Amino acid sequence: MTDFLWFDPSEALMGGAWRSTEETLPLINPSDGSALARIARGRADEIDQAIAAAHAARDGAWGRMTALDRGRILTEIGRKVLERVEDLAVMEAHDVGKPLTQARADAVALGRYMEFYGGAADKLHGETIPYLDGYTVYTLREPHGVTGHIVPWNYPMQIIGRSVGAALAMGNACVLKPAEEACLTALAFARIAAEAGLPAGALNVVPGLGSEAGAALAGHAGVQHISFTGSVRTGALVQQAAGANVVPVTLELGGKSPQLVFNDADLDAALPFLVNAGIQNAGQTCSASSRILVQREIYINVRERMSEAYAALTVGPAMNDLRVGPLISHRQKDIVSGFLKQGSDLKIAAQGVLEGAPDTGAYVLPTLFDEVSPDHVLARNEIFGPVQVIIPFGTEEEAAEIANGTDYGLVASIWTSDGARQMRLAKQLKSGQVFINNYGAGGGVELPFGGIGKSGHGREKGFEALYGFSTLKTVAAYHG
Ligand code: NAD
């Protein structure tokens, strides 16, 4: 076993017991293509067991626990996660290929989500409603019951933090299906949660293939809510499967997020965000900013400054902690390379450089494309690699039209010192989040997040997520 693994990763967690599955799947280190571990290949049978265990937890100690005590356990999980940041970061760097500094930030965010939802667990109250004479009416916030969490490989810790954290805070029992490409930190998290006192069955983890464990979870009649993050194609399948059981879903499906840079922008402040939002986690970020819209008067200046920054982007193994690591897999490398080929009619403004990257790793060079038309295939599709296009615009109206011109709407940012323009555009942009003179607001555990259009629906993160992971009961008492 690899020295940073302090547990056997080939087991699934069902009702507090770690069990092996009939078959296992290989886990590959994308930095060099080496075999990392073998993980459980959960199927419908394991999903059945996990869901049964979750229901037992809801009917047992977990279901009876006060919100205050649930919150205390989540806070304790957060504390333990924060103690283990380095262990978790090294594990994630090997599993996802994420440069160590970025993996560390994810581990800190996981701890922070647990602290936030630990503190929030007893803060969501019902209401009393003035009604007819002789009645007292009030509402109760209740958990859905058993929630399913289908998580991708790009930010396992952050996505587990925001969805499982909020679901547990509201008293749901969770069944987590991590991605087959990267699931070590999900397994580590479940162990840490148990150490912190989370009762058996409140969190169950079944690794496996999307078409097997994922599909079984999405279509299971014993689940009362599904939270999915991943591709549009799979999201639509999950919604369809859950729909057959009339189960609500939250979908977070990525985007083609723009940054709008106006003549009066503070370019020194903007520049790090313009580049970093495109290349963080090698561009495999749902909220990656892959479109940079620049007003014509400053276009050449911005292009030159971004190009300089790109030329300094080093790409190599995650543990070398350079700016950019490998993609998650050779399959993802093929997808991104296919897009780069479709850009062969475009001018490349700049690219990054490989530094100690073995041929066996899944590397692509960060690539900045110049003067791209908003209709180009690279300006319309989510690439999920370190690729950005710069698109010139003339007026504010044109910028808004281009920004709103894709099927997505997850994140947008406006760089301008004109306060009225900031307010106008913040309203006009079709996007779940809008940032003014920043991008991402430092991660934003507290900030509701989610998309419109093909970026999905429902909100996670922040206090808002607690509404999504609970249901409302209205009680009307007639007492005369
Ligand atoms: P995917 O959507 O297929 O996988 C995401 C999760 O869904 C994984 O846990 C997977 O096992 C599961 N899954 C797959 N098929 C399923 C099914 N039929 N039912 C239930 N669950 C299922 O994504 P992918 O194939 O890993 O990546 C392909 C593309 O998706 C990427 O190139 C990228 O564009 C996009 N993507 C987006 C995000 C995001 O954060 N929005 C994350 C990962 C991938």
Side-chain angles (χ1 to χ4, degrees), residues 25 27-28 30 39-44 47 95-96 98 106 148-160 162-163 175-183 185-186 205-220 223 226-244 247 249-257 280-288 290 327-340 362 364 378 380-387 406-411 432 449-451 453-458 460-461:
L25 296 165
L27 210 55
I28 304 296
I39 57 162
R41 181 175 181 168
R43 292 191 164 101
I47 291 290
D95 202 4
V96 177
K98 192 171 290 218
D106 285 7
H149 303 260
I150 302 175
V151 168
W153 40 260
N154 55 342
Y155 285 83
M157 286 192 275
Q158 296 225 24
I159 296 169
I160 289 168
R162 77 187 191 207
S163 76
V175 177
L176 166 63
K177 207 301 278 175
E180 49 271 47
E181 295 87 350
C183 67
T185 51
V205 187
V206 183
L209 297 175
S211 56
E212 295 176 353
L217 180 57
H220 205 289
V223 169
I226 296 276
S227 161
F228 171 84
T229 305
S231 64
V232 175
R233 197 184 136 271
T234 306
L237 286 176
V238 166
Q239 178 158 324
Q240 226 169 13
V247 167
V249 293
T250 300
L251 297 181
E252 203 273 90
L253 309 177
K256 194 69 191 170
S257 299
Q280 184 177 312
N281 197 28
Q284 304 165 117
T285 304
C286 41
S287 55
S290 47
L327 299 179
I328 184 70
S329 61
H330 284 276
R331 175 178 163 248
Q332 190 65 20
K333 180 180 170 176
D334 290 344
I335 294 175
V336 175
S337 304
F339 276 113
L340 289 174
V364 295
L378 296 198
R380 305 194 64 78
N381 292 282
E382 183 176 53
I383 297 173
F384 235 58
V387 181
T406 72
D407 294 338
Y408 295 99
L410 191 59
V411 171
F449 176 70
K454 292 252 167 70
S455 289
H457 52 75
E460 289 187 344
K461 302 173 66 164

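Quick note: numbers below take in every heavy atom, side chains included, and nothing from hydrogens, waters or symmetry partners. Order of appearance sets the numbers: ligands from 1, and atoms from 1 within every ligand. Given the structure is predicted, the values throughout are model-derived calculations rather than measurements.
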Student: Closest heavy-atom contact between Phe384 and Leu327?
Tutor: O-CD2, 4.4 Å

Student: Which ligand 1 atoms, with their elements, are less than 4.0 angstrom from a heavy-atom of Cys286?
Tutor: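 Checking each atom against Cys286, I get 39 (C), 40 (O), 41 (N).
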
Student: May I ask you to identify the nearest protein heavy atom to atom 21 (N) of ligand 1, giving residue, atom name and distance to one decimal place in Å?
Tutor: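 Going by distance alone, atom 21 (N) of ligand 1 is nearest to Gly214 CA, 3.5 Å.
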
Student: Measure the distance from atom 32 (O) of ligand 1 to every protein heavy atom, then report the residue, atom name and distance (to 0.1 Å) of the closest one.
Tutor: Gln332 NE2, 3.0 Å

Student: Indicate, as side chain, backbone, both or neither, the part of Ile383 found under 4.0 angstrom from ligand 1 when only non-hydrogen atoms are considered.
Tutor: neither

Student: If the cut-off is 4.0 Å to any non-hydrogen atom of Val151, which atoms of ligand 1 fall inside it?
Tutor: 6 (C), 8 (C), 9 (O)

Student: Output, in order, the C-alpha distance, side-chain angles, deciding distance and verdict of side-chain hydrogen bond (donor to acceptor under 3.5 Å, both in side chains) for Thr285 and Tyr155.
Tutor: CA-CA 8 Å; Thr285 304; Tyr155 285 83; 2.8 Å; yes

Student: Give the C-alpha distance, both sets of side-chain angles, the deciding distance and a yes or no for side-chain contact (heavy atoms from CB on, under 4.5 Å) between Asn381 and Phe339.
Tutor: CA-CA 9 Å; Asn381 292 282; Phe339 276 113; 3.7 Å; yes

Student: Can you give me the closest heavy-atom contact between Thr185 and Pro156, atom names plus distance?
Tutor: OG1-CB, 3.8 Å

Student: With a sphere of 6.0 Å drawn around NZ of Lys333, does it hold more than 12 non-hydrogen atoms of other residues, nucleotides or ligands?
Tutor: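 Yes, the 6.0 Å shell around NZ holds more than 12 heavy atoms from other groups.
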
Student: Can you sort out which atoms of ligand 1 are near Lys177, meaning under 4.0 Å from one of its heavy atoms?
Tutor: 9 (O), 10 (C), 11 (O)

Student: Considering Gly283, Ala241, Ser231, Ser211 one by one, which has a heavy atom nearer to atom 30 (O) of ligand 1 than any of the others?
Tutor: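 Among Gly283, Ala241, Ser231, Ser211, the closest heavy atom to atom 30 (O) of ligand 1 comes from Ser231.
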
Student: Can you tell me the protein heavy atom closest to atom 43 (C) of ligand 1 and the distance?
Tutor: Pro152 CB, 3.5 Å

Student: Looking only at non-hydrogen atoms, which of Phe384, Phe339, Tyr155 approaches atom 31 (C) of ligand 1 most closely?
Tutor: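 Considering heavy atoms of Phe384, Phe339, Tyr155, the nearest to atom 31 (C) of ligand 1 sits in Phe384.
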
Student: Please could you name the atoms of ligand 1 that Ile150 approaches to less than 4.0 Å, counting only its heavy atoms?
Tutor: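 What qualifies from ligand 1 is 6 (C), 7 (O), 9 (O), 12 (C), 20 (C), 21 (N).
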
Student: Can you tell me which portion of Ile159 lies within the under-4.0 Å heavy-atom range of ligand 1? Options are side chain, backbone, both, or neither.
Tutor: neither

Student: Gly208 and Lys177: which non-hydrogen atoms are nearest, and at how many Å?
Tutor: O-NZ, 2.9 Å

Student: Are any of the N/O atoms in Gly254 less than 3.5 Å from those in ligand 1?
Tutor: yes

Student: For atom 34 (O) of ligand 1, which protein heavy atom lies nearest, and how many Å away is it?
Tutor: Glu382 OE1, 3.3 Å

Student: Within a distance under 4.0 Å of any heavy atom of Glu180, pick out the atoms of ligand 1 and give their elements.
Tutor: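 Near Glu180, meaning under 4.0 Å from one of its heavy atoms, ligand 1 has 10 (C), 11 (O).
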
Student: Just to be sure I'm reading this right: ignoring hydrogens, which of Ala215, Gly219, Gly456 gets closest to atom 19 (N) of ligand 1? Compare them by their nearest heavy atoms.
Tutor: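 Heavy atom nearest to atom 19 (N) of ligand 1 belongs to Ala215.
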
Student: Relative to ligand 1, is Arg233 under 4.0 angstrom through side chain, backbone, both or neither, heavy atoms considered?
Tutor: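 The answer is neither.
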
Student: Atom 26 (O) of ligand 1: which protein heavy atom is closest, and how many Å away?
Tutor: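 Checking every protein heavy atom, the shortest distance to atom 26 (O) of ligand 1 gives Trp153 NE1, 2.6 Å.
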
Student: Taking all non-hydrogen atoms of both residues, which atom of Ala215 and which atom of Ser211 are closest, and how far apart?
Tutor: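 Minimum heavy-atom contact is CB-O, 3.5 Å.
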
Student: Could you pull out the closest heavy-atom pair between Ala182 and Val96, with the gap in Å?
Tutor: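 Nearest pair, atom of Ala182 first, then Val96: CB-CG2, 3.7 Å.
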
Student: Between atom OG1 of Thr234 and atom CD1 of Ile150, what is the distance when rounded to the nearest 0.5 Å?
Tutor: 9.0 Å

Student: Does the pair Arg162/Glu252 count as a salt bridge with the N-to-O cut at 4.0 Å?
Tutor: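 Judged by the 4.0 Å cut-off on N to carboxylate O distance, Arg162 and Glu252 do form a salt bridge.
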
Student: Take atom 4 (O) of ligand 1 and look for protein heavy atoms under 4.0 Å from it; say yes if you find one, no if not.
Tutor: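 False for atom 4 (O) of ligand 1.
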
Student: Number the atoms of ligand 1 from 1 as they appear, then name those within less than 4.0 Å of a heavy atom of Ala179, with their elements.
Tutor: 9 (O)

Student: Does the pair Glu181 and Arg331 meet the rule for a side-chain contact (heavy atoms from CB on, under 4.5 Å), with working shown?
Tutor: CA-CA 11 Å; Glu181 295 87 350; Arg331 175 178 163 248; 4.0 Å; yes

Student: Around atom 40 (O) of ligand 1, find the nearest protein heavy atom and jot down its residue, atom name and distance.
Tutor: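 Among all protein heavy atoms, the one nearest atom 40 (O) of ligand 1 is Asn154 ND2, 3.1 Å.
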
Student: Do me a favour and list the nearest non-hydrogen protein atom to atom 25 (O) of ligand 1 with residue, atom name and distance?
Tutor: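 That would be Arg331 NH2, 3.1 Å.
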
Student: Heavy atoms only: give me the nearest Ile39-Pro207 pair and the separation to one decimal.
Tutor: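 So the minimum-distance heavy-atom pair works out to CD1-CB, 4.4 Å.
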
Student: Specify the protein heavy atom at minimum distance from atom 17 (C) of ligand 1: its residue, its atom name, and the distance to 0.1 Å.
Tutor: Gly210 O, 3.4 Å

Student: Between Ser227 and Glu460, is a side-chain hydrogen bond (donor to acceptor under 3.5 Å, both in side chains) present by the stated rule, with each step listed?
Tutor: CA-CA 9 Å; Ser227 161; Glu460 289 187 344; 2.6 Å; yes

